[in-house]
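Here the structure comes first, spelled out in structure tokens, and everything after it is commentary.
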Amino acid sequence: MKHYKLSDFGQKMTTESGILQLMDDLGNAMNGVVEPIAMFGGGNPAIIPEVTDAFKSRLHQISKDPESLAAMLGTYDTPQGNSAFIESVVEYFSGHFETKLLPENVAITSGSQTGFFMLFNMLAGSSGNSRRKILFPLVPEYVGYSDQLAEHEMITSTRPIITKIDQHEFKYSIDFDQLDIDENTGAICVSRPTNPSGNVVSTEEVKRLQKIARERDIPLVIDNAYGAPFPGVIVDDDFVEFDGNTVFSYSLSKVGLPGSRTGIFVGPPELIRSLSKLNAIVSLSSPNFGQYLVTDLLITKEIDRLSQDYIQPFYADRRRVAMEYIEMYFDKSLPWRLHTYQGSYFFWLWLEGSVIGSKELYARLKEKGVLVVPGEYFFAGQDSSAWPHARECVRLNFARPDHELENGMKILGQTIAAAYRP
Ligand SMILES: Cc1ncc(COP(=O)(O)O)c(C=O)c1O
């Protein structure tokens, strides 16, 4: 086998990270290499028939109109995005925010993941004599950000305040006194609700972060992949206003179109322009498919109806059933805790004081056909060997069919009990 010499960038991006291995593992389990009993691992949105039907009928309309079809399939749009889609985003979000948006506030990327890659690498990395970094004000945070930086050690993070609630619940909040912020911080980023914990950074916390970011002339980035307004899988959403310095990202993926690769970024024009310029270099333009499919759904607000009538009830129902089995199969005398559910498609389970770490728990569960994601990967910027909490959590995707939830929670309950036995 040939060994080509890779650049520092090439090496940084391709060296086997734990998460790459894990994703392979989860993918292989799906492909039947291991017979899964419960797939609590992946983060894919569920397929909801009524939502798929709505996309199907839009696709049908487009395919009946030769001009639209030719435009959707046969054109490169501008690097910023399709102008009709951007207009629909402006109109839709101008009803959502109090501030009126303009087209220069919006850029479309091929999935929000690619958008984050571009944004993070514009804002963090070597800059003259300094090395600028992205700050996660609260970890655990979305694992997909952690390997995105072209240079090493470009993420810093702050451990949260952990509040224990009753016997089996806990909640994170931002520890503002410990915020690891200085003149080398290039941006602050939170997902809201957070993947993996389902935590929602409160409006008060967001306002404090917005103020800090404005004072330091750096952007605050809020990732709304699961949040408001669509798919809106968020409990008691506290409204957050566009203050001219915050970048809000949205994704069509969690509404059911991950294959369309459509990320939407709303933010200050200077940054949005830079994002579009970089998009031209990386992608020429972003995929048309999702933009064409969803333009009318934004104009008519049909996307809100789909979210409220089908997507939100679907996840609420899966969550309810998953909770029933947790109640049934988890030993109440053990000190396990779930993070307060405030949104997202996940439960975040903390096994405080368990005798095995989450990687060992993952391996034991996998042998029994239950796939979860070990928590260690979600603590970017932290040394997990120095912080037991970072080795004591796992993420569970609860949006699975009844039989998987029942069989999976049963095995999980037994494995947790074993994890507390010395
Ligand atoms: C919090 C969060 N942000 C961003 C993404 C990326 O989504 P996409 O690139 O499909 O828009 C995901 C995907 O799982 C996510 O969970």
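Start at 1 and go down the list; that is how both ligands and their atoms are numbered. What's counted below: heavy atoms across the whole structure, side chains too, no hydrogens, waters or symmetry copies.
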Do Phe136 and Tyr145 make the cut of ring centroids closer than 6.0 angstrom? yes

Quick check on the 6.0 Å ring-centre criterion: do Phe93 and Tyr250 meet it?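 Yes, the ring of Phe93 comes within the 6.0 Å limit of the ring of Tyr250, centre to centre.
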
What is the ring orientation for [X] with [Y], classed by angle as parallel under 30°, tilted 30 to 60°, or perpendicular over 60°?
{"X": "Phe398", "Y": "Tyr315", "result": "perpendicular"}
{"X": "Tyr341", "Y": "Phe347", "result": "perpendicular"}
{"X": "His389", "Y": "Tyr172", "result": "perpendicular"}

Give the atoms of ligand 1, by number and element, whose distance to some non-hydrogen atom of Ala225 is under 4.0 Å.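 So the atoms of ligand 1 that pass are 2 (C), 3 (N).
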
Arg261: numbered ligand 1 atoms lying under 4.0 Å from its heavy atoms: 8 (P), 9 (O), 10 (O)

Contact region, Ser112 to ligand 1, non-hydrogen atoms below 4.0 Å, reads both

Below 3.5 Å, N or O to N or O, backbone or side chain included: is there any such pair between [X] and ligand 1?
{"X": "Tyr145", "result": "no"}
{"X": "Ser253", "result": "yes"}
{"X": "Thr262", "result": "no"}
{"X": "Tyr226", "result": "yes"}

Strictly by modelled atom types, are Ser191 and Glu141 linked by a side-chain donor-acceptor pair under 3.5 Å?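 On atom types as modelled, these side chains qualify, holding a pair under 3.5 Å.
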
